[in-house]
Novice: 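What follows is a structure written as structure tokens; I'll ask about it next.
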Amino acid sequence: MSRQDPDVIDSVEKAFRVLQAFSGEHPSLTVSEAAELTGLSRATARRILLTCVKLGFAEAVDRRFRLTPRVLRLGYGYLSSLPIWERAQPHMRALADEVRESCSAATLDGEEIVYVARVPANRSMSIVLSVGSRLPAYPTSMGRVLLAALPEDALRRYLDSVELKALTPHTITDPAELERELRRVREQGYALVDGEREEGVRSAAAPVRDGTGAVIAAINVSANAGRVSVDELRERYVPRVVATAHAISGDVGFAGP
């Protein structure tokens, strides 16, 4: 049991730390790499990795471990418990077809957004994302919608702790400026981002609300800057994104203001 919290099992917490060490940057890990990334001892990391292999959540090849598709069961349990995404898909497909751009939905997990639904455009873009993809919240349109909906104390903790890296020359890296932008997003009901996470990609997002009015997700459309100007994004795309988010919210019980 945890020395800090009698209700927390240390071994389970450590196992999840190891599972979360795998990523696009680290698709496979040695025992030493897993230990270094998680701060665990080599012996503990080794036991956890071998347990994951025995349970079918990982495989080992040439002393390197990688996750297996079985780990998707963990994420599917979350998605399948939220029928909202089944209801959202037709609305998202209609929006993607109308504007001929990709449409995504995401929720907030700590300092990151996690994609929970996505309808790709029928054209190629430089950004490749899928359900389960994670991105930092601060330079993304959906992230800003979700951050703007946080209670004041939670938003303050986020701004005090987040590391704002300059991912492009356009990324907001000043906490005070980001706070002003988030308050603007809260007031206007949508977020617009121009090349802050990836140069050449513009996006607009709006909040999805549950029956109580709480923001539970965000949806967006993303477009190549060479095809869509900022003015067109604001004037043509934003109203459609907002209307789609409102329609999804209505399907899950939100009656509006």
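This one's a predicted model, so the numbers in the text were calculated from it and none came from an experiment. Here, residue 1 is the first one in the sequence, and each next residue gets the next number.
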Novice: Does one hydrophobic cluster hold both Val31 and Val61, with members joined at side-chain heavy-atom distances below 4.5 Å?
Specialist: no
Novice: Going only through I, L, V, M, F, W and Y residues with side-chain contacts under 4.5 Å, is there a path from Phe57 to Val12?
Specialist: yes
Novice: Donor-acceptor pair, Asn224 side chain versus Gly226 backbone, under 3.5 Å?
Specialist: yes
Novice: Per the side-chain contact (heavy atoms from CB on, under 4.5 Å) rule, which among Thr171, Asp194, Thr168 passes with Glu199?
Specialist: Thr168
Novice: Side-chain contact test, heavy atoms from C-beta onward, threshold under 4.5 Å: evaluate it for Val185 versus Tyr190 and give yes or no.
Specialist: no
Novice: Using a strict cut-off of less than 4.0 Å between a Lys/Arg side-chain nitrogen and an Asp/Glu carboxylate oxygen, indicate whether Arg202 and Glu196 qualify as a salt bridge.
Specialist: no
Novice: Let me have the donor-acceptor pairs involving side chains of residues 147-157, under 3.5 Å, with sequence neighbours excluded, atom names and distances please.
Specialist:
from: Glu152; atom 1: OE1; to: Arg183; atom 2: NH2; distance (Å): 3.0
from: Glu152; atom 1: OE2; to: Arg183; atom 2: NH1; distance (Å): 3.0
from: Glu152; atom 1: OE2; to: Arg186; atom 2: NH1; distance (Å): 2.8
from: Arg156; atom 1: NH2; to: Glu179; atom 2: OE1; distance (Å): 3.0
from: Arg156; atom 1: NH2; to: Glu179; atom 2: OE2; distance (Å): 2.8

Novice: With the side chain counted from C-beta on, respond yes when Cys103 and Arg118 share a heavy-atom pair under 4.5 Å apart, and no when they do not.
Specialist: no
Novice: A quick test of your reading: do over 12 heavy atoms of other residues, nucleotides or ligands sit less than 6.0 Å from CZ of Arg46?
Specialist: no
Novice: Rounded to the nearest 0.5 Å, what separates atom OG1 in Thr244 from atom CE in Met92?
Specialist: 9.5 Å
Novice: Between Val215 and Val208, is there a side-chain heavy-atom distance shorter than 4.5 Å?
Specialist: no
Novice: Taking all non-hydrogen atoms of both residues into account, name the closest pair between His91 and Asp251 and its distance.
Specialist: NE2-OD2, 2.8 Å
Novice: Determine, using the 4.5 Å side-chain heavy-atom cutoff (strictly less than), whether Ile172 and Tyr158 are members of one ILVMFWY cluster.
Specialist: yes
Novice: Please say whether more than 12 non-hydrogen atoms of neighbouring residues, nucleotides or ligands are located less than 6.0 Å from CD in Glu36.
Specialist: no
Novice: What about Val145 and Ile216, same hydrophobic cluster or not, with Ile/Leu/Val/Met/Phe/Trp/Tyr joined at side-chain heavy-atom distances under 4.5 Å?
Specialist: no
Novice: How about Asp231 and Ser229: does a side-chain donor come under 3.5 Å of a side-chain acceptor?
Specialist: no
Novice: Does either side chain, that of Arg63 or that of Thr30, offer a donor lying less than 3.5 Å from an acceptor on the other one?
Specialist: no
Novice: Can Leu95 be reached from Val228 by stepping across I, L, V, M, F, W or Y side chains whose heavy atoms are under 4.5 Å apart?
Specialist: yes
Novice: Looking just at side-chain N and O atoms, do Arg17 and Thr38 make a donor-acceptor pair shorter than 3.5 Å?
Specialist: no
Novice: Looking just at side-chain N and O atoms, do Ser141 and Ser203 make a donor-acceptor pair shorter than 3.5 Å?
Specialist: yes
